[in-house]
Structure formats: C-alpha cells, structure tokens
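So the structure is just underneath, and the comments pick up after that.
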Amino acid sequence: MDFDRAAFHAELDALPWASYTHAYGSAEDVPGALRALAGDDDAAAQEAQSELYGSILHQGSVYEASAHAVPFLARIAAAGIRTVDALLLIGGIAEGGADPDPGAASGSDPAGTAGVRESDEAACRRAVVAQLPLLLASVRHEDRAVRQAAAWAAG
C-alpha cells in the first residue's frame, strides 16, 4: 500500500482531537504521536509508540481517542511502517477494557437503549472491525512476526 503522508496528515488534522479524550484528558497530542510513529525518525517513533500506549491504551484501558486512532494505525501498518508495532497496538485496543454490563441500562425504555452512548470499548472494537481488510492483508505477510501480530489484531 502506498502511503500518502500529505493525505494522512490532512485526515489527522480534520478530526477534532482536542474534543476527544484519552487517559490524561484531551487527546490533542495524539495526531503528533501518530505522525511521529509514521515518520522516518526512529527515536521519535519509539517515543510516540510509548506515548500512544500510555494515553490511548493506558494499562489496558481504552478511550474515545483510541477508536479514532485505529484507522490511522491500520494505514501505518498496511504501508509497512513499523507494522508489528502498529498491529500490536491495534490488537491491544481491540482487546482493551471490559464491555459494560448490557443490563446496566435502566429506565422506562424496555430495550434499555434510549440515551445509551456506545461504550469506548465497543467503539474501539467496531473501529478495528472496520479495518479488517487492511489487517487481514498482513496475515499473508512474509514476516512471521507481522503475520502473528495481524492475526492477533484481527482476532
């Protein structure tokens, strides 16, 4: 997959990251970390990866910003840029958190769905499912580590 950095950056900039949240509040720092992860500076990419694990997958918890980061992580992986790292982060996001108790919604709505916002966990899983075509393409990769990370992320 060709990686169009200009389009990637424009799409990152099009989202209201400051209004999304992660482990430390505003997710306004996430686009910079994703840019660095996709960049050519290995030291900056390593730092960005650490920042992303600490903010959008903090101790196994996921957040609103986590789901919004998934398509960008999938594009990074599909482009062959730090593929294993991006796939492992996606897999962690897909597995992160615990789904809320579906019986927890109460009130007069017999189905229990009125005014219930999708959980961050469900949004993350939905975001990963939407990227399955890119993830599954890596299952046939020549590198065993990429295949394993892709299978785990897709699973």
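To the nearest 0.5 angstrom, R144 atom CZ is 4.5 Å from Q148 atom CD. Taking CH2 of W152 as the reference point, atom CG of L135 lies at 11.5 Å (rounded to 0.5 Å). To the nearest 0.5 Å, atoms CG (L52) and CZ (F72) are separated by 12.5 Å. Note that CG of L87 is 10.0 Å distant from CG of L134, once rounded to the nearest 0.5 Å.
Qualifying side chain to side chain donor-acceptor pair (under 3.5 Å) partners for H9, counting only residues two or more places apart in sequence or in other chains: none. For P133, the side chain to side chain contact (heavy atoms under 4.5 Å, CB included) test picks out no residue, with sequence neighbours left out. Partners of E11 by salt bridge (charged side-chain N to carboxylate O under 4.0 Å, His left out), not counting sequence neighbours, listed by chain and number: R75. Every residue two or more places apart in sequence or in another chain was checked for a ring pair (Phe, Tyr, Trp, His ring centres under 6.0 Å) with H22, and none qualifies. Every residue was checked against the side chain to side chain donor-acceptor pair (under 3.5 Å) condition with D85, not counting sequence neighbours, and none meets it.
The nearest pair of heavy atoms linking L136 to A154 is CD2-CB, 3.8 Å. The two residues A67 and A127 make their nearest non-hydrogen contact at O-CB, 3.5 Å. Residue L88 comes nearest to A149 through the heavy atom pair CD2-CB, 3.9 Å, listed as atom of the first residue, atom of the second, then distance. Contact record, I90 with A153: CG2-CB, 4.1 Å, taken as the closest heavy-atom pair. Nearest approach of A123 to E118, heavy atoms of both residues: CB-OE1, 3.5 Å. Considering all non-hydrogen atoms of both residues, H68 and E64 come closest at CD2-O, 3.1 Å.
Between F3 and F8, the ring-plane angle classifies as tilted under the 30° and 60° cut-offs.
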side-chain contact (heavy atoms from CB on, under 4.5 Å), that's the test. Do D143 and T83 meet it? Break it down for me. CA-CA 10 Å; D143 184 329; T83 305; over 6 Å; no
Distance-only donor-acceptor hits, side chain of residues 30-46, under 3.5 Å, sequence neighbours excluded:
residue: R35; atom: NH2; partner: D13; partner atom: OD1; Å: 2.2
residue: R35; atom: NH2; partner: D13; partner atom: OD2; Å: 3.1
residue: D40; atom: OD1; partner: R5; partner atom: NH2; Å: 3.3
residue: D41; atom: OD1; partner: A43; partner atom: N; Å: 3.0
residue: D41; atom: OD1; partner: A44; partner atom: N; Å: 3.1
residue: D42; atom: OD1; partner: R82; partner atom: NH2; Å: 2.8

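Counting only heavy atoms from C-beta outward, the side chains of I56 and Y20 never approach each other to under 4.5 Å.
For the pair S55 (side chain) and A23 (backbone), a donor-acceptor distance under 3.5 Å is absent. Looking only at distances, a side-chain donor or acceptor of S66 sits under 3.5 Å from a matching main-chain atom of Y63. Side-chain atoms of S119 come within 3.5 Å of backbone atoms of A122 as a donor-acceptor pair (strictly under, hydrogens ignored).
The distance between the ring centers of H58 and Y24 falls below 6.0 angstrom.
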